[in-house]
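The structure appears below as structure tokens.
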Amino acid sequence: QAQLVESGGGLVQAGDSLSLSCAFSAQTFSINAMGWFRQAPGKEREFVAAINWAGSISNYADSVKGRFTISRDNAKNTIYLKMGRLKPEDTAVYYCARGSNVQLSTETAAYEFWGQGTQVTVSS
């Protein structure tokens, strides 16, 4: 059973930084892409960032480009999302997911396993 567990969420002020982690089980590990998504209240889940198996290629939503950084440590079965210059509009539940293939897709349908999510709240 594939498992992904996010951690690191919390309440911060605008302009602060926060780092999220996503630990995945050995069964989840594969050469497929891994990604971060977020969902704000009343909105659809949206793509944030994705990274390839080697950690050498990444892709970001325009709204977070230059502020967020995705990375991974395969030895620790963990991916990370470092978030900087946070804005109130970044408030959402953040999810990590494993893709169904190696493509760094921005579509939720391209990801087959999901974590439970971690809340990030940015106050103004």
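Remark: Arg45 is positioned above the aromatic ring of Trp114, its terminal NZ or CZ atom under 6.0 angstrom from the ring centre and at most 45 degrees off the axis.
Each of Ile70 and Leu104 belongs to its own hydrophobic cluster when Ile, Leu, Val, Met, Phe, Trp and Tyr are linked at side-chain heavy-atom distances under 4.5 angstrom. Connection of Ile79 to Tyr95 is not established within any shared hydrophobic cluster, with ILVMFWY side chains joined at heavy-atom distances below 4.5 Å, either directly or through further cluster members. Criterion: ILVMFWY side-chain heavy atoms under 4.5 Å apart, direct or through other members. Under it, Val48 and Met34 are part of a common hydrophobic cluster. Transitive grouping of hydrophobic side chains (ILVMFWY, heavy atoms separated by less than 4.5 Å) brings Tyr94 and Phe24 into a common cluster. Cluster annotation: Val120 and Val93 are assigned to distinct hydrophobic clusters (Ile/Leu/Val/Met/Phe/Trp/Tyr, side-chain heavy-atom contacts under 4.5 Å, transitive).
Here the closest non-hydrogen pair linking Ala92 and Gln119 is O-NE2, 3.5 Å.
With a 6.0 Å radius and a threshold of 12 heavy atoms from other residues, nucleotides or ligands, Glu107 has its CD atom at or below the threshold. Surrounding CD of Gln116 are at most 12 heavy atoms belonging to other residues, nucleotides or ligands under 6.0 Å away.
A distance of 6.5 Å separates CD1 in Ile51 from CZ in Arg72, rounded to the nearest 0.5 Å. A distance of 8.5 Å separates CZ in Phe113 from CG in Leu4, rounded to the nearest 0.5 Å. Of the inter-residue distances, the one linking Thr118 atom OG1 with Arg38 atom CZ reads 14.0 Å to the nearest 0.5 angstrom.
Using a 4.5 Å heavy-atom threshold, the side chains of Thr69 and Met83 count as separate. Contact annotation: the side chain of Tyr111 approaches that of Ser105 to within less than 4.5 Å [non-hydrogen atoms, C-beta and beyond].
Residue pairs satisfying the salt bridge (Lys or Arg N to Asp or Glu O under 4.0 Å) criterion with at least one member in residues 49-69, sequence neighbours excluded, are listed as follows: Asp62-Lys65, Arg67-Asp90.
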Checklist entry - Can you list the steps and then say if Gln39 with Glu46 is a side-chain contact (heavy atoms from CB on, under 4.5 Å)? => result CA-CA 6 Å; Gln39 188 167 17; Glu46 65 175 6; over 6 Å; no
Next on the checklist: Does Phe68 form a side-chain contact (heavy atoms from CB on, under 4.5 Å) with Leu86? I'd like the steps, not just the answer.
Outcome noted: CA-CA 9 Å; Phe68 291 13; Leu86 284 161; 3.8 Å; yes
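Between the side chain of Asn59 and the main chain of Ala50, no donor-acceptor pair closer than 3.5 Å is present. The backbone N or O of Gln3 sits less than 3.5 Å from a side-chain atom of Ser25, completing a donor-acceptor pair. With hydrogens and angles disregarded, a donor-acceptor distance shorter than 3.5 Å links the side chain of Thr78 to the backbone of Lys76. Under a 3.5 Å cut-off, the side chain of Glu6 and the backbone N or O of Gly117 do form a donor-acceptor pair. With hydrogens and angles ignored, the 3.5 Å screen pairs a side-chain donor or acceptor of Asn52 with a backbone N or O of Ile57. At distances below 3.5 Å, not a single donor-acceptor pair connects side-chain atoms of Thr121 with backbone N or O atoms of Leu11.
Residues passing the side-chain contact (heavy atoms from CB on, under 4.5 Å) test with Asn101, sequence neighbours excluded: Gln103.
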For residues 13-22, tabulate all N or O donor-acceptor pairs below 3.5 Å that involve a side-chain atom, not counting sequence neighbours.
| unit_1 | atom_1 | unit_2 | atom_2 | d |
| --- | --- | --- | --- | --- |
| Asp16 | OD2 | Gln13 | N | 3.1 |

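A centroid separation of less than 6.0 Å is found between the aromatic rings of Phe37 and Phe47.
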